[in-house]
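So the structure is just underneath, and the comments pick up after that.
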Amino acid sequence: MNGTRDKSGGCQCGAVRYRTTGELGYPHVCHCRMCQKAAGNYSLPLAGVMRSDFDITRGEPKWFHSSDLVRRGFCGECGTPLFYDVPGAEFINLTLGSLDDPQSVKPVAQSNMASKMRWSHELDALPVEPEPESSEREDAIASSNHQHPDHDTDHWPPGESR
């Protein structure tokens, strides 16, 4: 395994949180159709961690068996995809976007290239929308944000104890 140690992550609403103490191995981007559907996206970045180095620290994920061999863990409250799991394997895969610091884990490979979007190489050439300085809409979104912060909390949402 390669990668970095001691990571935390979870879903968008904060109902499910996890922590790793081992190294994340084989960080990669999977382009298979099953991962596309599970993520609701064109691909799904994943990395494995030994089960012995992995703990769910809040809540319990829901599981969907996407095949006879694989199940996928997600938050039953907000739907965030969190895990790709082969029951009985010595490791579990985490969705890299669910990490509190996804920038800290750089993929080293891609898999299932036959399903990769044929036009994906063109994305960097697309026009970039300018970032607005501030607007009433952005201010309203920011002040009413219900997303869990990118760090562990004793309880969530604020003002609610569990």
Side-chain angles (χ1 to χ4, degrees), residues 1-121 123 145-162:
M1 296 227 155
N2 61 37
T4 53
R5 302 179 63 86
D6 299 336
K7 299 287 184 189
S8 61
C11 66
Q12 186 173 19
C13 75
V16 179
R17 298 281 301 158
Y18 64 84
R19 177 165 291 286
T20 69
T21 55
E23 291 195 29
L24 298 182
Y26 191 59
H28 68 285
V29 177
C30 182
H31 297 281
C32 82
R33 187 64 183 130
M34 210 174 280
C35 279
Q36 290 170 353
K37 291 191 76 122
N41 211 323
Y42 300 128
S43 61
L44 183 59
L46 300 162
V49 65
M50 300 297 289
R51 287 185 196 279
S52 59
D53 296 330
F54 169 79
D55 286 302
I56 294 176
T57 59
R58 180 185 298 147
E60 286 297 325
K62 299 285 187 185
W63 296 95
F64 172 71
H65 282 268
S66 56
S67 72
D68 289 346
L69 300 176
V70 172
R71 67 183 188 155
R72 294 174 187 267
F74 61 96
C75 175
E77 296 294 318
C78 67
T80 301
L82 298 167
F83 313 115
Y84 172 98
D85 184 34
V86 178
E90 61 186 343
F91 61 91
I92 185 168
N93 283 280
L94 313 174
T95 60
L96 296 180
S98 71
L99 291 170
D100 289 339
D101 184 11
Q103 188 77 266
S104 68
V105 181
K106 181 180 173 183
V108 298
Q110 299 181 71
S111 62
N112 298 295
M113 299 303 286
S115 298
K116 184 176 179 179
M117 298 296 121
R118 290 183 299 275
W119 43 259
S120 63
H121 66 282
L123 291 174
N145 182 355
H146 301 289
Q147 182 167 296
H148 189 273
D150 286 334
H151 57 82
D152 286 330
T153 58
D154 290 334
H155 50 82
W156 187 260
E160 185 177 297
S161 60
R162 293 185 186 215

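What's counted below: heavy atoms across the whole structure, side chains too, no hydrogens, waters or symmetry copies.
Residue-environment remark: CD (Glu77) stays at or below the threshold of 12 foreign heavy atoms within 6.0 Å.
In this structure, Leu94 CG and Tyr18 OH are separated by 5.0 Å, a value rounded to the nearest 0.5 Å. If you take NZ on Lys37 and CG on Leu44, they are separated by 14.5 Å, rounding to the nearest 0.5 Å. Here NZ of Lys116 is found 12.0 Å from SG of Cys30. Values are rounded to the nearest 0.5 Å. If you take NE2 on His148 and SG on Cys78, they are separated by 11.0 Å, rounding to the nearest 0.5 Å. Atom-to-atom distance recorded for Glu23:CD and Asp6:CG is 10.0 Å, nearest 0.5 angstrom. The CG atom of Leu99 sits 10.0 Å away from atom CG of Leu82, with the distance rounded to the nearest 0.5 Å.
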What pairs of donor and acceptor atoms, side-chain ones from residues 8-15 against any protein atom, are under 3.5 angstrom apart with sequence neighbours left out?
from  : atom 1 : to     : atom 2 : distance (Å)
Ser8  : OG     : Asp100 : OD2    : 2.5
Gln12 : NE2    : Gln147 : OE1    : 2.9

Can I get a per-line list of side-chain donor-acceptor pairs under 3.5 Å for residues 48-56, giving both atom names and the distance, sequence neighbours left out?
from  : atom 1 : to    : atom 2 : distance (Å)
Arg51 : NE     : Ala89 : O      : 2.7
Arg51 : NH1    : Asp85 : OD1    : 3.3
Arg51 : NH2    : Asp85 : OD1    : 2.3
Arg51 : NH2    : Val86 : O      : 3.2

In a table with atom names and distances, give each donor-acceptor pair under 3.5 Å that connects a side chain of residues 60-69 to protein atoms at least two apart or in another chain.
from  : atom 1 : to    : atom 2 : distance (Å)
Ser66 : OG     : Arg72 : NE     : 3.0
Ser67 : OG     : Leu69 : N      : 3.2
Ser67 : OG     : Val70 : N      : 3.1

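Side chain of Ser43 to main chain of Val29: no donor-acceptor pair is present (N/O by atom type, distance under 3.5 Å, no hydrogens or angles).
Contact detail for Gly79 and Phe74: the closest heavy-atom pair is O-CB, 4.2 Å.
Checked against ring-ring contact (aromatic ring centres under 6.0 Å, His included), His31 has no partners two or more places apart in sequence or in another chain. Residues satisfying the side chain to side chain donor-acceptor pair (under 3.5 Å) test with Arg118, not counting sequence neighbours, are none. For Tyr42, the ring-ring contact (aromatic ring centres under 6.0 Å, His included) partners are Trp119, not counting sequence neighbours.
Using a 4.5 Å heavy-atom cutoff, the side chains of Cys35 and Asn112 are not in contact. Here the side chains of Thr95 and Tyr84 are not in contact, with every heavy-atom distance at 4.5 Å or above.
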Exercise. Between Lys7 and Val105, is a side chain to side chain contact (heavy atoms under 4.5 Å, CB included) present by the stated rule, with each step listed?
Worked result: CA-CA 10 Å; Lys7 299 287 184 189; Val105 181; 4.0 Å; yes
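When only modelled atom types and interatomic distance are considered, Thr153 and Arg17 share no side-chain donor-acceptor pair under 3.5 Å.
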